[in-house]
Amino acid sequence: MGNLIPSAKVNILANHKVWLEDNAIQQLHTTAQLAHIRAAVGLPDLHAGRGYPIGAAFFSTEHFYPALVGGDIGCGMALWQTDLLRHKVSGRKLAKQLGNIDGSLSGDDLQAAADAVQQLLAQHALRHDYASLPLDAHSMTASVGTIGGGNHFAELLQTDTVYDSDTAPDPSRVYLLVHSGSRGLGGAILREHVEQYGHHGLQAASTAASAYLAQHNTALAYAKLNRDWIAKRILAAWKTPARCLLDIHHNHVLPARINGCDGYLHRKGATPSDQGWVMVPGSRGDYSYLLAPTDSSEYLYSLAHGAGRKWARQDCYGRLSGKYTAQDLHQTRFGSTVVCGDKGLLFEEAPAAYKNVDAVVMTLVEAGLCRLIARYKPMLTYKKGDSACC
DNA sequence: ATGTCC
């Protein structure tokens with residue numbers, strides 16, 4: 001026989017309750033066969049992506065793959081506890097109070113964002129003067145505080161069930177969950193990388209690897225800055241103080257030591273289990289779970305990052321337009337309000353397009369990877385302003 | 001996913 005490539009260990013966390021698409025499993029195995037990949041994990045929200053699966057983590061040695069992180073470097077979830085009391089607010093009223101937040105920040109906020117971007121660029125240049133960013137400061141500033149498209153959202157939540165009353169956050173308050181990323185920056189970094197190196201990845205001990213990691217780390221910081229400003233502008237509109245409970249990236253590649261072996265841990269739609277509590281959101285018509293990770297060492301220190309798609313975006317309108325009007329989709333089974341001025345997105349992100357989050361989360365719990373802290377249900381989900389053109 | 005490909 002020919003050369004034996006040391007095969008990566010592939011571990012899929014699933015059971016009869018969660019449906020995994022064959023194509024996604026195929027993508028996981030194919031990706032696991034790339035050179036230098038030592039371990040691959042599929043979480044219960046695993047679904048097919050553009051060549052590489054989402055809801056997956058990969059560990060490699062001596063080499064890493066920017067393409068596995070994808071274009072939205074630094075995408076993640078931030079959870080804020082507001083001072084608003086749940087029995088005193090309505091999602092509909094707060095939606096009206098919020099108005100349209102699709103555009104750039106303005107006034108003092110825009111200036112503050114510009115200063116923050118300059119500081120980010122200065123730190124980047126100071127440490128990595130050989131790796132300029134493929135997006136200018138003006139564009140980066142313009143996107144700060146904007147949610148973006150796809151599966152990104154901002155959501156107002158109320159507590160539905162408390163599982164751990166000693167540690168769960170105050171159930172009388174309402175919570176703000178922000179899911180967004182590095183907007184145009186991450187995509188530009190990946191595009192430039194792929195133009196130069198294709199999908200072969202990078203030798204870790206190379207200048208190109210250092211340059212990519214410098215850009216990647218800046219994108220992580222920029223994505224967090226973006227989530228911070230999305231929350232700030234919403235909280236300002238609602239006139240409430242708030243504190244950030246967590247802010248965790250689920251798309252990144254980090255140096256890691258796994259089973260005594262130094263290498264790189266790629267997460268693509270996989271939530272770190274070694275950074276404190278995490279929030280796993282369902283669709284906008286389903287619950288979100290606050291979880292305390294326990295031991296995920298068998299699964300590359302990762303948890304599901306959401307419910308996971310069940311239907312491809314392009315199939316949603318065809319499957320749902322006979323059953324629902326756009327108007328129907330502006331509210332959910334919980335009676336929560338959906339702000340989405342983009343009709344295509346309204347259908348693509350319909351609750352029916354996603355798997356059952358209870359099954360996904362229970363699979364994590366039953367495997368011993370985490371315990372439940374509390375469950376939340378949406379009052380308002382903001383995707384795109386109502387005046388958005390479509 | 002996307003200062004989105006025409």
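Heavy-atom basis, side chains included; hydrogens, waters and symmetry copies ignored. By convention in this document, chain letters (A, B, ...) are assigned in the order of the sequence lines, proteins followed by strands, and residues within each chain are numbered from 1.
Atom NZ of A/K17 sits in a crowded spot, with more than 12 heavy atoms from other residues, nucleotides or ligands closer than 6.0 Å. Other residues, nucleotides and ligands contribute at most 12 non-hydrogen atoms within 6.0 Å of the CD atom of A/E298.
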- Message: Under the criterion salt bridge (charged side-chain N to carboxylate O under 4.0 Å, His left out), I'd like the reasoning laid out for A/R375 against A/D160: C-alpha separation, chi angles, the key distance, then a yes or no.
- Response: CA-CA 5 Å; A/R375 182 168 89 163; A/D160 176 78; 3.0 Å; yes
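If you take CZ of A/R183 and P of B/dT2, they are 5 Å apart, rounded to a whole angstrom. Going from atom CZ of A/R50 over to atom P of B/dC5 covers 10 Å, rounded to whole Å. For the pair A/Y222 OH and B/dT2 P, the interatomic distance rounds to 10 Å; values are reported in whole Å. Separating the CG atom of A/L135 from the P atom of B/dT4 is a distance of 11 Å, rounded to the nearest angstrom. The CD1 atom of A/I73 sits 13 Å away from the P atom of B/dT2 (whole-angstrom rounding). Taking atom CG of residue A/D72 and atom P of nucleotide B/dT4, one finds them 15 Å apart after rounding to whole Å. The separation between A/I147 atom CD1 and B/dG3 atom P is 14 Å, rounded to whole Å. A straight line from CG of A/L185 to C1' of B/dT2 spans 12 Å, rounded to a whole angstrom.
Note on A/G150: only backbone sugar-phosphate atoms sit closer than 4.0 angstrom, heavy atoms only; bases stay farther off. Across all strands, A/G187 comes closer than 4.0 Å to no nucleic acid atom at all (heavy-atom distances). Nucleic acid contact for A/G148: sugar-phosphate only, since backbone atoms but no base atoms lie under 4.0 Å from a heavy atom of the residue. A/H152 comes within 4.0 angstrom of sugar-phosphate atoms only, judged by non-hydrogen atoms across all strands, and of no base. As judged by a 4.0 angstrom heavy-atom cut-off over every strand, A/S139 is placed among the base-contacting residues. Within 4.0 Å of A/L190, counting heavy atoms only, lies no atom of the nucleic acid at all.
Salt bridge absent: A/K310 and A/E21 never bring a charged side-chain N and a carboxylate O closer than 4.0 Å.
With hydrogens and angles ignored, the 3.5 Å screen pairs no side-chain donor or acceptor of A/D45 with any backbone N or O of A/A307.
For B/dT2, the OP1/OP2 oxygens have no side-chain nitrogen or oxygen of A/R191 closer than 4.0 Å.
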